[in-house]
Amino acid sequence: MTTTGIESRITMASVLAPDQLGPTVCVGEILVEIVATTVGDGFLDAQPLVGPFPSGAPAIFISQCGRLGGSAAMVGAVGDDDFGRVNVERLKRDGVDVSAISVDGEYPTGSAFVRYRQDGSRDFVYNIAKSAAARFGWTKPVSDLIGRCGHLHVMGSALSVPSARDVIDKAVYIVKARGGSISVDPNIRKELKLDQDTEERFAKLVSMADLLLPSGEELERAAGIEGEANAIQRLFQMGVKEVVLKRGADGATYFSRDGARVDVSAFSVEEVDPTGAGDCFGGAYLTCRRLGMSPEEALTYAAAAGARNVTVRGPMEGAGTRGELDAFISATERRA
Ligand code: ATP
Ligand code: MG
């Protein structure tokens, strides 16, 4: 781990609302994932599968928050079926408040079948847009939850889902008005062109972010400018308070507005299933910060959470508790 900038600046007051203000809330798709156990091309032949695993990027994120002992809650919907129960029971067990997850009597729980190819890319069969996962809204339980929310975490990809967008649009202002904070994982590929309305919403949300958690090229995509240093500078000009850049197996970097920077190397692990690394990393970083840790300490837990999760098959099966992450940190070497 290398640290540049003055140590004392790194322990400065957090830009994120403390855990006591109220739960971290994540809004979006709740899915089961069913994973092919062999590597190959797609699903055109009968083949061995394993699952259902609880999934959906927002659900993975909030599961990691809950497991680490942060106050956490989820907004979304499942069907009245076993796939839905798998998710709700998991989140409850992780300590997540599920009062604002609705159960849709008509539509089934969302699902994704995934198979890895030889080159590491993935084939998917999705049932999301026309499932319960995309059918929720501003109900009384959601309104009650947002009224006591301390932090809202937004996935950029949720902005193209109407139900999530409607909830997020209202929630950001309510949360900010009560002194809460906002984090954004852009989660939007560099090449992806959004319609103008979504693009504007995305830029506005980025400018309101107390914490931005981009991965790789999403940094430049969110900033609208090429080059890492330029992008960081532009984001701070836009209003972002803190940026943590995820670099996969190359680790991660924290940047603050006043020029402080902390780099962490990744842990050395054997990757079994990369899905969910970014969400576990983000959920752990945010939770540790809200619980009062310094960026450096939070980054270590985050890198451990991301790395531990890729060693286990299933999108959130490897999310760790504080004790599990402490054990992982002391037992695992860092990459050079
Ligand atoms: P996702 O693929 O879930 O969208 P992401 O692109 O948002 O993830 P990554 O940078 O892939 O985010 O992963 C987040 C963090 O998890 C990394 O910064 C790193 O600390 C850890 N991590 C991810 N993959 C590995 C790996 N193979 N080995 C060790 N650590 C890893
Ligand atoms: Mg990502």
Side-chain angles (χ1 to χ4, degrees), residues 1-2 26 28-29 31 33 35 53-65 67-68 112 114 116-117 119-122 124 153-158 183-192 209 211-222 228 242-255 261-288 295-320 324-325 328-329 331-336:
M1 182 185 302
T2 59
C26 208
E29 72 278 11
L31 313 172
E33 195 159 306
V35 186
F53 294 113
S55 189
I60 301 169
F61 184 97
I62 210 67
S63 155
Q64 180 62 80
C65 295
R67 282 203 191 185
L68 257 178
V114 57
Y116 286 91
R117 290 199 192 128
D119 66 2
S121 64
R122 293 174 284 188
F124 286 102
H153 178 71
V154 180
M155 305 271 167
S157 48
S183 53
V184 177
D185 181 337
N187 218 356
I188 293 179
R189 278 176 291 113
K190 198 177 181 188
E191 316 77 49
L192 190 70
L211 166 65
L212 191 74
L213 288 157
S215 144
E217 290 181 334
E218 291 168 4
L219 173 74
E220 290 158 313
R221 175 71 171 79
E228 185 174 305
E242 177 171 319
V243 179
V244 173
L245 177 62
K246 295 171 276 179
R247 304 181 193 269
D250 292 327
T253 307
Y254 157 91
F255 300 92
R261 169 183 178 138
V262 182
D263 289 288
V264 286
S265 50
F267 286 90
S268 182
V269 292
E270 195 196 329
E271 190 175 285
V272 173
D273 181 353
T275 302
D279 303 316
C280 285
F281 177 99
Y285 181 80
L286 174 74
T287 298
C288 290
E296 192 164 359
E297 205 181 349
L299 271 184
T300 300
Y301 277 108
R308 187 177 189 276
N309 196 54
V310 306
T311 64
V312 184
R313 184 181 276 146
M316 61 169 96
E317 299 312 295
E324 285 166 342
L325 294 183
F328 177 91
I329 291 167
T332 315
E333 297 203 349
R334 306 297 277 258
R335 290 169 60 104

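All ligand and atom numbering here is 1-based and tracks the order in the structure.
- Within the listing of ligand 1, atoms 20 (O) sit less than 4.0 angstrom from a heavy atom of A303.
- Ring geometry for H153 versus F61: interplanar angle under 30°, hence parallel rather than tilted (30 to 60°).
- Ligand-side atoms of ligand 1 in range of R247: 10 (O), 18 (O), range being under 4.0 angstrom from any heavy atom.
- Here R335 pairs with nothing under the side chain to side chain donor-acceptor pair (under 3.5 Å) rule; sequence neighbours left out.
- Close approach of ligand 1 to V269 (heavy-atom distance below 4.0 Å) involves ligand atoms 28 (N), 29 (C).
- Contacts with ligand 1 closer than 4.0 Å are made by no heavy atom of R335, backbone or side chain.
- For ligand 1, the polar-atom distance check against N187 finds no nitrogen or oxygen pair separated by under 3.5 Å.
- Residues forming a ring-ring contact (aromatic ring centres under 6.0 Å, His included) with Y116 (at least two apart in sequence, or on another chain): none.
- Note: an N/O pair closer than 3.5 Å links G278 and ligand 1 by distance alone.
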Pair T287, R67 - check side-chain contact (heavy atoms from CB on, under 4.5 Å), show working.
CA-CA 10 Å; T287 298; R67 282 203 191 185; over 6 Å; no
Would M316 and F53 count as a side-chain contact (heavy atoms from CB on, under 4.5 Å) if you check the C-alpha gap in whole Å, the side-chain angles of each, and the deciding distance to 0.1 Å?
CA-CA 8 Å; M316 61 169 96; F53 294 113; over 6 Å; no
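- Under 4.0 Å from ligand 1, the heavy atoms of A266 that appear belong solely to its side chain.
- V269 has its side chain out of reach of R308: every pair of non-hydrogen atoms, C-beta onward, lies at least 4.5 Å apart.
- Within the set G248, G306, A252, A57, the minimum heavy-atom distance to atom 19 (C) of ligand 1 is found for G248.
- Below 4.0 Å from some heavy atom of G276 lie the following atoms of ligand 1, by number and element: 3 (O).
- Close approach of ligand 1 to E271 (heavy-atom distance below 4.0 Å) involves ligand atoms 26 (C), 27 (N).
- Between the side chain of N309 and the backbone N or O of D273, no donor-acceptor pair lies under 3.5 Å.
- No donor-acceptor distance shorter than 3.5 angstrom exists from the side chain of E33 to the backbone of P54, with no hydrogens or angles considered.
- Checked by distance only, ligand 1 and K246 come closer than 3.5 Å through their nitrogen or oxygen atoms.
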